Amino acid sequence: MNYWLMKSEPDAFSIDNLQKSSNQTAHWDGVRNYQARNMMRDEMKVGDQVFFYHSNCALPGIVGIMEITKEAYPDYLAFDVNDPHYDPKSDPDSPRWVMVDVKFIRHLIRTISLQELKPHPEVQGLPLVQRGNRLSIMPVSKEQWDFILSLE
DNA sequence: GCCAACGTTGGC
DNA sequence: GCCAACGTTGGC
C-alpha cells in the first residue's frame with residue numbers, strides 16, 4: 001500500500017466538503033501538473049491512504065485522511081469549455097489529464113500545521129516542507145506517515 | 001494582498 | 001534547444 005499527500009485550497013474544496021459528499025466520496029479533479037498527474041496515473045492504487053492538506057489558508061496543514069477508491073481515469077473537466085479547468089489541448093480521444101476518486105476516512109484530531117512539521121528531521125524528505133515547493137500531490141513514506149500521525 | 005519560487009509557453 | 005516572459009502556487 002502507498003501513502004500520499006494531496007493539497008487542496010479549502011475555499012475551493014475542503015475536507016468538510018469531502019465528508020459531506022455523496023458516499024463521502026469525490027473525484028479529485030483539476031490537477032494540471034505533469035509530475036502530479038504521472039503519480040496519479042502510474043502509482044495510485046485503490047486502498048492507498050492519503051493525507052488531506054489544506055493550502056493557501058489561515059492555517060496550512062494536514063487536516064485528515066482519505067483513501068483512494070478509484071484509480072486514474074480521464075479528467076472530463078478538461079473537456080468542458082465552461083469549466084475553469086478546461087484545457088483545449090486535452091483531446092477526449094487521448095486525455096491529457098486524469099483524476100482519481102477519494103473517500104473520506106477521518107479528520108485528524110487537530111490540524112498538523114506546516115509550521116509544526118517543518119523543523120522535524122523525520123519529514124525533511126517530504127517536498128511539502130522544502131522551500132518553494134509547489135507539488136500538489138506527493139508520495140509519503142510509511143515512516144513519514146507514521147511519524148506525522150504520532151504527532152496528532 | 002504581496003511576492004518568491006516555480007512550471008509552462010513561445011519566439012528565435 | 002535556449003531562455004525571457006508570463007501565469008500560478010501558496011506561505012506569510
Side-chain angles (χ1 to χ4, degrees), chain A residues 2-21 26-44 48-68 71-141 143-145 147-152:
Chain A
N2 295 316
Y3 298 91
W4 304 95
L5 179 145
M6 295 166 90
K7 297 179 184 174
S8 179
E9 301 190 16
D11 287 348
F13 187 75
S14 71
I15 190 159
D16 293 325
N17 293 138
L18 177 61
Q19 186 176 18
K20 289 173 193 157
S21 298
H27 53 253
W28 200 269
D29 58 62
V31 173
R32 296 291 178 269
N33 169 282
Y34 290 104
Q35 217 182 331
R37 178 206 63 182
N38 293 346
M39 287 188 278
M40 278 203 296
R41 187 189 59 192
D42 304 334
E43 295 174 52
M44 271 191 187
D48 284 0
Q49 302 290 111
V50 186
F51 281 137
F52 196 128
Y53 180 89
H54 279 176
S55 67
N56 210 3
C57 57
L59 184 63
I62 297 169
V63 294
I65 296 175
M66 51 191 172
E67 182 176 315
I68 302 298
E71 285 163 24
Y73 59 105
D75 183 340
Y76 49 78
L77 298 183
F79 311 136
D80 181 352
V81 188
N82 297 314
D83 192 275
H85 295 299
Y86 174 64
D87 182 356
K89 292 173 188 161
S90 186
D91 176 358
D93 293 329
S94 172
R96 176 172 300 205
W97 305 112
V98 299
M99 53 189 175
V100 296
D101 284 358
V102 292
K103 182 181 174 69
F104 174 85
I105 299 296
R106 69 175 180 91
H107 283 90
L108 296 194
I109 297 165
R110 63 184 185 87
T111 298
I112 299 181
S113 70
L114 177 63
Q115 182 189 331
E116 176 180 354
L117 283 172
K118 270 187 174 168
H120 288 291
E122 291 87 344
V123 295
Q124 290 318 298
L126 256 192
L128 184 72
V129 302
Q130 288 160 14
R131 180 162 160 276
N133 169 72
R134 293 167 51 179
L135 196 57
S136 63
I137 296 178
M138 66 189 72
V140 177
S141 72
E143 291 73 23
Q144 290 163 342
W145 179 274
F147 171 76
I148 290 168
L149 284 181
S150 77
L151 298 173
E152 192 180 4

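Order of the sequence lines sets the chain letters (A, B, ...), proteins ahead of strands, with each chain counted from 1. It should be emphasised that the depicted structure is a prediction, and the values quoted were computed from it without experimental measurement.
Nucleotide dT9(C) holds its C1' atom 16 Å from the CD atom of Gln130(A), rounded to whole Å. Rounded to an integer number of Å, the gap from CD of Glu9(A) to C1' of dG10(C) is 7 Å. At whole-Å resolution of the value, CG in Leu5(A) and P in dG10(C) are 11 Å apart. Taking atom CD1 of residue Ile62(A) and atom C1' of nucleotide dG10(C), one finds them 16 Å apart after rounding to whole Å. Between Leu114(A) atom CG and dT9(C) atom P there is a gap of 18 Å when expressed in whole angstrom units. Straight-line distance from the CG atom of Asp11(A) to the P atom of dG1(B): 13 Å, rounded to whole Å. Between Gln35(A) atom CD and dT8(C) atom C1' the separation is 16 Å, expressed in whole Å. Computed from coordinates, the Arg37(A) CZ to dT8(B) C1' distance equals 14 Å when rounded to whole Å.
An OP1 or OP2 oxygen of dT9(C) is reached within less than 4.0 angstrom by no side-chain nitrogen or oxygen of Lys7(A). For the OP1/OP2 pair of dT9(C) and a distance below 4.0 Å, the side-chain nitrogens and oxygens of Tyr53(A) include no atom meeting the criterion.
Side chains of Arg96(A) and Tyr34(A): a donor-acceptor N/O pair is present below 3.5 angstrom, by distance only. Between the side chains of Asp48(A) and Trp4(A), at least one donor N or O lies within less than 3.5 Å of an accepting N or O.
Partner of Met40(A) under the side-chain contact (heavy atoms from CB on, under 4.5 Å) criterion, out of Ile68(A), Asp75(A), Val31(A): Val31(A) alone.
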(message) Could you go through Arg106(A) and Glu152(A), starting from their C-alpha distance and side-chain angles, then the distance that decides it, and tell me whether this counts as salt bridge (Lys or Arg N to Asp or Glu O under 4.0 Å)?
(response) CA-CA 13 Å; Arg106(A) 69 175 180 91; Glu152(A) 192 180 4; 2.7 Å; yes
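Taking every side-chain heavy atom of Tyr34(A) into account, dT8(B) is the closest of dG11(C), dG10(C), dT8(B).
Between Asn133(A) and Asn56(A), it is Asn56(A) whose nearest contact on DNA chain B lies nearer the 5' terminus.
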